[in-house]
> 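Following this message is one structure expressed as structure tokens.
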Number of protein chains: 2
Amino acid sequence: MTDVNVSPPSRLAEGDSGQPARSAGAAASPPLVDIIELFFFAYRNFVSDPDEILARFGFGRAHHRVLHFVNRHPGMRVTDLLDILRITKQSLGRVLRELVDQGFIDSRAGSSDRRQRLLYVTPKGEALARDFVALQSARIERALAECGGPEALGNARRFLVSMIDPEDRGPIEKFITRADRAAEELRRLAPGPRSGG
Amino acid sequence: MTDVNVSPPSRLAEGDSGQPARSAGAAASPPLVDIIELFFFAYRNFVSDPDEILARFGFGRAHHRVLHFVNRHPGMRVTDLLDILRITKQSLGRVLRELVDQGFIDSRAGSSDRRQRLLYVTPKGEALARDFVALQSARIERALAECGGPEALGNARRFLVSMIDPEDRGPIEKFITRADRAAEELRRLAPGPRSGG
DNA sequence: ACATTTACGTCAGTCATGTTGACTTTTTTC
DNA sequence: GAAAAAAGTCAACATGACTGACGTAAATGT
């Protein structure tokens with residue numbers, strides 16, 4: 001099973017087509033431990049991309065997450081955000097209040113149900129959210145380009161989806177497609193005032 | 001499900017021919033934002049796998065990281081660990097002390113340089129570290145199996161490596177290969193009672 | 001030999017972000 | 001009109017990061 005070459009230094013750079021060694025419970029270390037570690041290091045770089053910008057506003061990574069998801073889903077309720085982030089409303093409350101106070105997020109009462117607070121990014125908030133997406137997208141683009149073929153994007157997406165708990169995938173994919181569709185809609189209706197400013 | 005191409009599939013194909021929209025604030029969202037979000041959700045699931053076990057010992061994720069890396073690199077110095085984890089020695093100190101006090105990690109003075117504290121997992125610590133690796137490996141194996149072909153592992157590895165800052169890759173790859181080689185060595189010398197096939 | 005540097009540890013304080021639990025207000029729903 | 005839901009708030013606490021200062025032992029350089 002572990003006849004996957006461990007020694008050649010090029011192991012990481014080259015994809016290797018060795019077999020994954022189906023022995024889930026016990027041993028099976030060698031070929032998968034590196035994925036565990038690469039995932040750790042990659043994610044650490046990934047989330048630290050926005051740090052410098054965040055620091056300029058006195059924000060942390062929690063602010064980034066909140067801003068990102070509100071930007072992706074304008075008009076979302078506080079409860080929706082809690083479901084996505086899986087934190088308590090007390091934790092969210094602090095961060096959200098700062099974002100609202102500093103004019104990055106706007107919170108309006110729902111029209112059909114006035115108990116709800118619907119969350120929107122302000123233009124200022126949208127600009128910041130776009131900066132973050134641009135930063136992280138640049139890293140992903142570079143990575144995909146390094147991977148070569150045009151199938152790299154699909155491969156990465158498939159892998160990441162498969163890494164998610166099956167029971168979480170439905171909601172997450174629904175969330176993503178809905179947000180993408182809404183963004184596309186917006187782009188069609190109001191083309192192009194962006195990127196100029 | 002995996003072809004969440006909600007928008008014109010052109011973006012990535014054009015990625016190289018067109019300009020990569022490098023300047024912050026340019027357009028270019030649709031196909032990459034989903035990767036950003038999938039990375040977030042996937043990593044969250046990934047790191048929460050060991051939580052239940054950790055809680056049984058009153059440990060947190062910091063303990064997991066320390067134990068993992070010490071297990072991977074027996075005899076590593078405290079400074080090495082600090083370099084890898086990129087935290088301060090004060091932060092590491094607390095966690096490390098708890099792991100030593102509870103008998104998961106052993107800290108011996110170096111023989112050639114007696115200022116050094118060389119870190120080793122105890123049998124108890126090794127068992128725990130192996131549990132964590134088994135848990136996370138199971139998720140990765142399942143994901144790779146879902147991705148289909150035998151090239152899925154290589155694809156994932158390439159993608160993750162490419163997501164890492166280029167200047168970090170050398171040290172990280174060196175670390176991983178060295179650890180793999182040492183582990184292989186150990187397996188050859190002392191074929192444990194544990195390792196299945 | 002002595003000064004410097006290195007490796008490690010520790011005290012003291014702070015910050016960011018998470019947690020529980022209890023409670024209120026407003027509004028919708030049954 | 002009672003119950004439930006959405007949101008907000010207060011208080012207390014845990015974790016894991018941070019800075020800065022200081023101490024001690026051992027290696028190293030001149």
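Letters A, B, ... mirror the listed sequences (proteins, then strands); counts begin at 1.
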> Does a salt bridge link B:Asp168 with B:Arg86, judged by any charged N lying under 4.0 Å from a carboxylate O?
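Yes, this pair counts.
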> Check whether more than 12 heavy atoms from other residues, nucleotides or ligands sit under 6.0 Å from atom CD of A:Glu167, and answer yes or no.
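For A:Glu167, atom CD is crowded (more than 12 foreign heavy atoms under 6.0 Å).
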> Are any of B:Ser91's side-chain N or O atoms less than 4.0 Å away from OP1 or OP2 of D:dC18?
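Affirmative; the distance criterion is met.
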> Using whole Å, report how far CG of A:Leu99 lies from C1' of C:dT17.
14 Å
> May I ask you to say whether A:Arg169 pairs ionically with B:Glu146, meaning some side-chain N is under 4.0 Å from a carboxylate O?
yes
> Under 4.0 Å between any heavy atoms, over every strand shown, what does B:Gly93 touch: base, sugar-phosphate, or nothing? Just pick one.
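Contact class for B:Gly93: none.
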> Check the distance between D:dT9's P and A:Arg97's CZ and give it to me in whole angstrom.
6 Å
> Measure from the side-chain heavy atoms of A:Ile87 and tell me the nearest of C:dA7, C:dG18, C:dT10.
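So the nucleotide nearest the side chain must be C:dG18.
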> Would you kindly give the CZ-to-C1' distance between B:Arg61 and D:dT15, to the nearest whole Å?
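In whole Å, D:dT15 C1' lies 11 Å from B:Arg61 CZ.
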> From C:dG18, C:dA7, C:dG9, pick the nucleotide closest to the side chain of A:Arg65?
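Between C:dG18, C:dA7, C:dG9, the one nearest the side chain of A:Arg65 would be C:dG18.
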> Given atom NE2 of B:His64 and atom C1' of D:dT15, what is their separation to the nearest angstrom?
17 Å
> Going by heavy atoms closer than 4.0 Å, what residues in residues 104-122 of chain B are next to DNA chain D?
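Within this stretch, B:Ser112, B:Asp113, B:Arg114, B:Arg115 sit under 4.0 Å of the strand.
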> Taking only side-chain nitrogens and oxygens of B:Arg77, does any of them come within less than 4.0 Å of OP1 or OP2 of C:dA7?
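Yes, such a contact exists.
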> Roughly how many Å is it from CZ in A:Phe59 to C1' in C:dT17, rounded to a whole number?
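A:Phe59 atom CZ is separated from C:dT17 atom C1' by 15 Å.
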> For D:dC18, does either OP1 or OP2 sit under 4.0 Å from a side-chain N or O belonging to B:Thr88?
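So the side-chain polar atoms of B:Thr88 do come within 4.0 Å of the phosphate oxygens OP1 or OP2 of D:dC18, strictly under.
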> Send over the distance from B:Leu85 CG to D:dC18 C1', rounded to a whole Å.
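Value for this atom pair: 15 Å.
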> Within less than 4.0 Å of OP1 or OP2 of C:dA16, is there a side-chain N or O belonging to A:His63?
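No, outside the criterion.
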> Whether the side chain of B:Gln90 and the base of C:dG13 hold a donor-acceptor pair under 3.5 Å is what I'd like checked.
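There is none.
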> Would you mind reading off the distance between B:Leu82 atom CG and C:dC8 atom C1', rounded to a whole angstrom?
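Roughly 9 Å, once rounded to whole Å.
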> Using a strict threshold of under 4.0 Å (side-chain N to carboxylate O), is an ion pair present between A:Arg77 and A:Asp113?
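A:Arg77 and A:Asp113: not salt-bridged.
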> Using a 6.0 Å distance limit plus a 45 degree cone around the ring axis, check whether A:Arg139 lies over the aromatic ring of A:Phe46.
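Ring-cation test returns no.
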> Evaluate the ring planes of A:Phe69 and B:Phe40, with Trp represented by its six-membered ring, and classify them as parallel (under 30°), tilted (30 to 60°) or perpendicular (over 60°).
tilted
> Rounded to the Å, how far apart are A:Leu81 CG and D:dA6 P?
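Those two atoms, CG and P, are 14 Å apart.
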> Given side chains that start at C-beta, do those of A:Asp106 and A:Val121 come closer than 4.5 Å, heavy atoms only?
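Side chain of A:Asp106 against side chain of A:Val121, heavy atoms only: no contact under 4.5 Å found.
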> Return the 5'-most residue of the pair B:Asp80, A:Glu98 with respect to DNA chain C, ranking by each residue's nearest nucleotide.
B:Asp80
> Once hydrogens and angles are ignored, does a donor-acceptor distance under 3.5 Å link the base of C:dG9 to the side chain of B:Arg94?
no
> For A:His64 and A:Phe132, take the angle between the two ring planes, folded into 0 to 90°, and tell me which bin it lands in: parallel under 30, tilted 30 to 60, perpendicular over 60.
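The arrangement is tilted - the two ring planes meet at 30° to 60°.
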